[in-house]
Novice: 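I'd like to ask some things about the structure below.
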Number of protein chains: 2
Amino acid sequence: MTKGSDPYSVLPVAKAMQVFAYVASQAHDVTLTEVVQALGMPKTTVFRYLQTLSAAGLFAHDIVQDRYGVGERFRELARTDAIYHSLRSTAQGELDGLVGGFRETVNLAVLADDEVVYVDIREATRSQRFQARIGHRHPVHSTSLGKAMAAFLPAETVERLVRPEYEQRTYRTLTDARTFRRHVEEARRRGFAMETGENEDGVTCIGVPILDGKGYPIAAVSLSAPDNRMKAMVDRAAGALQDAARRITASLPPISLHV
Amino acid sequence: MTKGSDPYSVLPVAKAMQVFAYVASQAHDVTLTEVVQALGMPKTTVFRYLQTLSAAGLFAHDIVQDRYGVGERFRELARTDAIYHSLRSTAQGELDGLVGGFRETVNLAVLADDEVVYVDIREATRSQRFQARIGHRHPVHSTSLGKAMAAFLPAETVERLVRPEYEQRTYRTLTDARTFRRHVEEARRRGFAMETGENEDGVTCIGVPILDGKGYPIAAVSLSAPDNRMKAMVDRAAGALQDAARRITASLPPISLHV
DNA sequence: GTGCCGTGTTTCGCTTTACGAAATAAGCGA
DNA sequence: TCGCTTATTTCGTAAAGCGAAACACGGCAC
């Protein structure tokens, strides 16, 4: 019954997840005995799991009624996942289209902890020597993705991204706040950000933000190519990226991560 | 760090929930080592949790990329909770209004496993002898709540609720399918269901369905009062219930539980 | 008031079993 | 091909999860 044939299954965790699933699927807040009767586990065991899950914030324990329900922390995680899941799945086709149309590498990234985090990467060529990997992080100031998002962030947030200790990734990396602000300003005006050899020698990137329903830059898409190849297609690339970003925005759920 | 000061905290569960929270909050699918580095836990431990959570369906393990992400089962639970949470919180004020206006007991219930499950109950009087409790279940055929929901269910689902073994709760409880269908039919025509002493002697109930965005009866509200008191206010009660249900429907999220 | 359920909480001793270091395997890039 | 990184497996130990049973608590009934 509770057995997980997997040899690596941790029993307490597996059983606690049964409790979790039961509570989350009920329309009402549940009592200890109700869970015990529904799942056929010993009272003490269920009691401990309910306590543990409440302590973790996933459940909320209504002391006066002695009932357990799903907690706000769980809902927050669920919202975050829903947005990111939607972002990735709706971006899917657009990324494919871009890489097919330009035969260059396409990136999807979000902003987390004031860094650019790569979420999806489609590489046109096999040579992925210097390519980022999913989950890798790059500074905001050295990437077109970062500058594209910064361009649609509230001013005070942008100021926070202006670090005194700018990481110098290449000899072209922006190293002063003034230039960074100017680039961001220009990105906002043009609707796309550019970066030429500032993150990686010989590679030019064009980045466009993906705005959520509230106009907040939840993510960004970019096309990166060797300087010489990119030079010939800046306008066409920027336009294609903007179209893609618009379509992704349109099919995003109406909820927002930010307030 | 991982300590749960609670004496009843189950450590494996608490730590697994840290892993859970980390994975759910990332925009990208994660690798084992990424979680290890982020949370500072031993590799083997995290590995086991990832396996366990994947086996439970909360995570999805992308074998080819060896990456873990949130699974569909989690999203399903999250959707269910979001709907029920929204239902309860938006119903809150309406239930208060109804109990304040009529000074009689007001119920909120959903349909689960072909039974009526009480989700919220506001009692006007102290005497709660025969009142239902949150989480308790009653048959569909003996309650106004059940008949109200059945009235807006697809025909084939209603047929499933027609049980040969109708539980006879009082001498008035409907015991044959023909009469049940007639009551449901009448409820659909009038927009509210009635039940007089069929679930509990001397008590009359009026029930109204709460429809979701798709027109599916996700829940129902009812007012219950002693037969004599109810007789004088049937129309007024039905109207008030319908207004409340309409308003609850209006503030429900646009997602649906059903297909 | 008194006593009996049906709750939730606490204790406690016994193993079970989770743990994590280290060894192994598997990929992948150079 | 080698060497690095990452995932998996093994294994012995000791921690700690387990659940029966005892306890506390509150509400209802009589």
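Computed from a predicted structure; not experimentally measured. Every chain is numbered from 1 and lettered A, B, ... according to where its sequence line falls, protein lines coming before strand lines.
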Novice: Send over the distance from A:Lys15 NZ to C:dT16 C1', rounded to a whole Å.
Specialist: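 Atom NZ in A:Lys15 sits about 11 Å away from atom C1' in C:dT16.
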
Novice: Are any of the side-chain nitrogens in A:Glu76 or A:Arg73 under 4.0 Å away from the carboxylate oxygens of its partner?
Specialist: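 No, this pair does not count.
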
Novice: What about the rings of A:Tyr118 and A:His138, do their centers lie closer together than 6.0 Å?
Specialist: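 Aromatic pair counts; centres sit under 6.0 Å.
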
Novice: Taking the nucleotide of DNA chain C with the nearest heavy atom to each, does A:Val10 or A:Phe47 sit closer to the 5' end?
Specialist: A:Phe47

Novice: Rounded off to whole Å, could you give me the CG-to-C1' distance for the B:Leu50 and D:dT8 pair?
Specialist: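 My rounded result for the distance is 13 Å.
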
Novice: Look at B:Arg79 together with B:Asp81 and state whether they make a salt bridge at an N to O cut-off of under 4.0 Å.
Specialist: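 Between B:Asp81 and B:Arg79 there is no salt bridge, as every charged N stays at least 4.0 Å from the carboxylate O atoms.
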
Novice: Consider the side chain of B:Thr44, meaning its heavy atoms from C-beta on, and name the nucleotide among D:dG19, D:dG17, D:dT10 that approaches it most closely.
Specialist: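 Per side-chain heavy atoms of B:Thr44, the pick is D:dT10.
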
Novice: Between C1' on C:dC19 and CZ on B:Arg48, what's the gap in Å once rounded to a whole number?
Specialist: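 Spelled out: CZ on B:Arg48 to C1' on C:dC19 is 6 Å.
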
Novice: Can you tell me how far C1' of D:dA16 sits from CG of A:Leu11, to the nearest Å?
Specialist: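 That distance rounds to 14 Å.
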
Novice: Return the value, rounded to whole Å, for the distance between atom CD of A:Gln51 and atom C1' of C:dG8.
Specialist: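 It works out to 10 Å between those atoms.
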
Novice: If only side-chain N and O atoms of B:Tyr8 are considered, is one of them under 4.0 Å from the OP1 or OP2 phosphate oxygen of C:dT10?
Specialist: yes

Novice: Looking at the side chain of A:Lys43, which of D:dA22, C:dG20, D:dA7 is the nearest nucleotide?
Specialist: D:dA22

Novice: What's the CG-P distance between A:Asp66 and C:dT9, to the nearest Å?
Specialist: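 After rounding, the gap between these two atoms is 5 Å.
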
Novice: Knowing that exactly one of B:Tyr68, B:Phe59, B:Phe20 qualifies, which makes a ring-ring contact (aromatic ring centres under 6.0 Å, His included) with B:Phe74?
Specialist: B:Phe20

Novice: Of the listed nucleotides (C:dC19, C:dT7, C:dT9), which one gets closest to any side-chain atom of B:Pro12?
Specialist: C:dC19

Novice: Verify the contact: side-chain N or O of B:Thr45 to OP1 or OP2 of C:dG20, cut-off strictly under 4.0 Å; return yes or no.
Specialist: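 For C:dG20, OP1 or OP2 has a side-chain N or O of B:Thr45 closer than 4.0 Å.
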
Novice: Please report the distance, rounded to the nearest Å, between CZ in B:Arg133 and C1' in C:dT7.
Specialist: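 So the CZ-C1' distance, B:Arg133 to C:dT7, works out to 12 Å.
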
Novice: Between B:Tyr22 and B:Val30, is there a side-chain heavy-atom distance shorter than 4.5 Å?
Specialist: yes

Novice: Could you state the atom-to-atom distance from CD of B:Gln37 to C1' of D:dT6 in whole Å?
Specialist: 11 Å

Novice: Return the nearest nucleotide to the side chain of B:Tyr68; candidates are D:dC18, C:dT9, D:dT8.
Specialist: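 Among the listed nucleotides, the one closest to the side chain of B:Tyr68 is D:dT8.
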
